[in-house]
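To start, the structure itself, in structure tokens.
Each ligand, and each atom within it, is numbered from 1 in the order the structure gives. What you see is a predicted model, and the numbers here were worked out from it, not measured in a lab. Numbering starts at 1 and runs along the sequence shown.
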Amino acid sequence: MASGEWHCQHRTFLKNEIHEKDNENVPETGCLSIIVLGASGDLAKKKTFPALFNLYRQGFLSSNEVHIFGYARSKMVDDDLRDRIRGYLPQGKEGTDDISSFLQLIKYVSGAYDDLKGFQALDKAISEHEVSKSIMEGSSRRLFYLALPPSVYPQVCKMIKNYSMNRSDHGGWTRIVVEKPFGKDLASAEELSFQIGELFEEPQIYRIDHYLGKELVQNLLVLRFANRLFLPLWNRDHIANLQIVFREDFGTDGRGGYFDEYGIIRDIIQNHLLQVLCLVSMEKPISLNPEHIRDEKVKVLQSVLPIKDEEVVLGQYDGYKDDPTVPDNSNTPTFATVVLRIHNERWEGVPFILKAGKALNSKKAEIRVQFKDVPGDIFKCQKQGRNEFVIRLQPSEAMYMKLTVKQPGLEMSTTQSELDLSYKERYHEIVIPEAYERLILDTIRGDQQHFVRRDELKAAWEIFTPLLQRIDDGAFRPITYQPGSRGPAEGDELLERAGYVHTDGYVW
Ligand code: NDP
Ligand code: BG6
């Protein structure tokens with residue numbers, strides 16, 4: 001065996017070993033405590049608790065083994081928290097009372113994020129639950145979900161480590177879920193990683209990016225690597241350009257203070273869109289082992305070339321600064337188009353256009369793969385459009401391939417049509433799960449595949465930090481655009497310069 005090969009296998013073995021260690025003695029059933037820190041907040045009520053409820057309703061969380069704890073500074077009793085959440089839980093079939101029985105599983109503990117008494121009280125509450133369920137071998141499973149501003153992550157992790165993590169003689173585990181944004185730039189993300197890394201092992205840390213839990217994002221590897229059709233086409237020889245687009249038709253929607261500190265690149269592009277880019281562009285992993293997948297993601301991120309100023313357009317919607325929590329002189333972009341270039345054998349020369357904006361004319365997220373023109377075109381039909389493969393992440397999940405076909409009828413003329421897989425039409429009976437539902441279930445099962453590894457996060461920040469620094473310094477200024485528009489016209493001009501050819505008159 002070549003030494004490089006040995007090294008590679010050895011590394012994999014070590015990673016697997018760590019992974020396994022984390023899972024050691026974990027039974028499929030037993031005591032599970034889910035602790036939502038920041039339980040009084042926006043994310044907790046809109047996403048975390050509803051996701052837990054859906055898992056409960058589908059039988060993934062059984063009241064015989066699960067207890068849910070909310071922790072925050074706000075002074076509340078159990079019923080106050082339950083009342084706060086109730087309205088966000090989706091109603092089920094008439095006559096069922098899932099909501100009340102779910103809410104009874106929730107207890108609330110109040111305390112500060114650096115207060116040992118608070119975390120000792122939390123530990124006591126969890127232990128009581130474990131004892132009440134007659135704790136058995138391996139059944140102290142504690143999942144801490146940090147629905148909190150990242151500024152408090154280090155102190156909270158320290159408190160968990162010192163006072164509330166699983167120390168049972170019966171085995172089990174402690175896992176920590178952290179939300180984005182994980183840092184503000186390379187240095188702060190590395191510092192945060194270091195601080196949390198001092199307290200917990202990498203396999204215990206689940207960095208959530210909820211785009212990785214979306215149905216069509218999870219479909220990307222299957223689509224690319226289980227279909228012979230795509231294998232020879234998915235490269236620079238056939239693909240002219242690739243867009244990953246996020247659009248929202250509302251502004252910062254009451255989150256202006258948070259948003260202004262971060263901006264659209266940190267809020268959407270550096271994480272959600274870049275994760276999608278990884279799955280679209282990475283090489284085939286040697287297996288579905290989470291580490292093999294994430295190794296490939298890291299490689300592709302490390303192959304991204306420095307971003308050029310002329311391949312960036314920033315925008316800020318008119319009226320953004322009217323929000324009282326946004327400073328009058330804010331330079332924060334609410335729109336950005338950024339072209340990334342991947343320097344490797346597969347993608348050299350293919351622009352990856354990442355575009356995200358708030359307060360635009362529509363709400364959708366999609367991947368748009370545009371193929372090159374047909375050489376030696378005898379139909380003279382390029383003006384009718386190139387082949388495009390579109391993966392609509394939301395709303396109305398779909399995949400469609402735009403094709404040129406003969407216009408039905410007596411004349412020999414061509415027209416643009418499509419092969420269409422719309423999920424609503426094809427999968428009538430299936431309810432597509434919410435991203436958070438899937439990801440929380442993954443953390444309970446110890447599956448890291450859809451979470452961001454530390455080196456992956458570092459590589460992602462390396463790509464954007466120089467550009468973000470120039471924006472923060474005021475050296476790069478956003479162009480004003482009208483709310484409800486497509487964003488600054490310069491964004492479309494950049495798209496055209498990058499080689500994207502718009503099909504006139506075609507509507508899917
Ligand atoms: P919130 O601002 O609602 O904060 C959550 C809770 O944390 C609050 O209820 C408050 O609880 C406590 N808190 C707030 N500010 C501070 C502070 N400065 N110091 C200490 N505690 C504080 O945040 P969200 O729920 O919106 O977000 C939580 C995390 O999830 C963040 O990292 C966010 O970026 C991320 N996220 C949020 C999304 C959303 O849609 N809201 C979407 C994706 C990610 P109390 O005062 O009771 O202790
Ligand atoms: C969050 C961003 O991560 O994703 C928000 O902080 C954004 O600004 C949201 O609105 C979009 O998520 P989704 O799932 O609605 O596309």
Write none if no such pair exists; otherwise list each N/O atom of ligand 1 with its protein N/O partner under 3.5 Å and the distance.
residue: ligand 1; atom: 3 (O); partner: Asp42; partner atom: N; Å: 3.1
residue: ligand 1; atom: 9 (O); partner: Ser40; partner atom: OG; Å: 2.7
residue: ligand 1; atom: 9 (O); partner: Gly41; partner atom: N; Å: 3.2
residue: ligand 1; atom: 11 (O); partner: Ser40; partner atom: OG; Å: 2.9
residue: ligand 1; atom: 21 (N); partner: Arg73; partner atom: NH2; Å: 3.3
residue: ligand 1; atom: 25 (O); partner: Asp42; partner atom: N; Å: 3.1
residue: ligand 1; atom: 25 (O); partner: Leu43; partner atom: N; Å: 2.7
residue: ligand 1; atom: 32 (O); partner: Leu148; partner atom: O; Å: 2.9
residue: ligand 1; atom: 32 (O); partner: Lys180; partner atom: O; Å: 3.3
residue: ligand 1; atom: 34 (O); partner: Lys180; partner atom: O; Å: 3.0
residue: ligand 1; atom: 41 (N); partner: Asp42; partner atom: OD2; Å: 2.8
residue: ligand 1; atom: 46 (O); partner: Arg73; partner atom: NE; Å: 3.2
residue: ligand 1; atom: 46 (O); partner: Arg73; partner atom: NH2; Å: 2.9
residue: ligand 1; atom: 47 (O); partner: Ser40; partner atom: OG; Å: 2.7
residue: ligand 1; atom: 47 (O); partner: Arg73; partner atom: N; Å: 3.4
residue: ligand 1; atom: 47 (O); partner: Ser74; partner atom: N; Å: 2.9
residue: ligand 1; atom: 47 (O); partner: Ser74; partner atom: OG; Å: 2.4
residue: ligand 1; atom: 48 (O); partner: Arg73; partner atom: N; Å: 2.8
residue: ligand 1; atom: 48 (O); partner: Arg73; partner atom: NE; Å: 3.0
residue: ligand 1; atom: 48 (O); partner: Tyr113; partner atom: OH; Å: 2.7

As a test of reading the model: which N/O atoms of the protein lie under 3.5 Å from N/O atoms of ligand 2, and at what distance?
residue: ligand 2; atom: 3 (O); partner: Lys180; partner atom: NZ; Å: 2.6
residue: ligand 2; atom: 3 (O); partner: His272; partner atom: NE2; Å: 2.7
residue: ligand 2; atom: 6 (O); partner: Lys180; partner atom: NZ; Å: 3.0
residue: ligand 2; atom: 6 (O); partner: Arg255; partner atom: NH1; Å: 3.3
residue: ligand 2; atom: 6 (O); partner: Asp267; partner atom: OD1; Å: 2.6
residue: ligand 2; atom: 6 (O); partner: Asp267; partner atom: OD2; Å: 3.4
residue: ligand 2; atom: 8 (O); partner: Arg255; partner atom: NH1; Å: 3.4
residue: ligand 2; atom: 8 (O); partner: Asp267; partner atom: OD2; Å: 2.6
residue: ligand 2; atom: 8 (O); partner: Lys358; partner atom: NZ; Å: 2.7
residue: ligand 2; atom: 10 (O); partner: Glu248; partner atom: OE1; Å: 3.4
residue: ligand 2; atom: 10 (O); partner: Glu248; partner atom: OE2; Å: 2.6
residue: ligand 2; atom: 10 (O); partner: Lys358; partner atom: NZ; Å: 3.4
residue: ligand 2; atom: 12 (O); partner: His210; partner atom: NE2; Å: 3.1
residue: ligand 2; atom: 14 (O); partner: His210; partner atom: NE2; Å: 2.8
residue: ligand 2; atom: 14 (O); partner: Lys214; partner atom: NZ; Å: 2.7
residue: ligand 2; atom: 16 (O); partner: Tyr211; partner atom: OH; Å: 2.4
residue: ligand 2; atom: 16 (O); partner: Gln394; partner atom: NE2; Å: 2.7

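Taking the six-membered ring for Trp and the full ring otherwise, the centers of Phe119 and Tyr71 sit less than 6.0 Å from each other.
The shortest side-chain heavy-atom distance between Leu61 and Ile34 falls under the 4.5 Å cut-off. Counting heavy atoms from C-beta on, the side chains of Leu314 and Arg477 never come closer than 4.5 Å. Here the side chains of Phe476 and Pro333 are not in contact, with every heavy-atom distance at 4.5 Å or above. Counting heavy atoms from C-beta outward, Arg84 and Ser40 have side chains that approach closer than 4.5 Å.
Ion pairing between a basic and an acidic side chain is recognised when a charged N comes within 4.0 Å of a carboxylate O; Asp123 and Arg142 show such pairing.
Listed for the Thr334 side chain is a donor-acceptor partner under 3.5 Å among the backbone atoms of Tyr317.
Note that Lys161 lies in the cation-pi zone of Phe200, set by a 6.0 Å cut-off to the ring centre and a 45° limit from the axis.
The NZ atom of Lys158 lies 10.5 Å from the OH atom of Tyr163; values are rounded to the nearest 0.5 Å.
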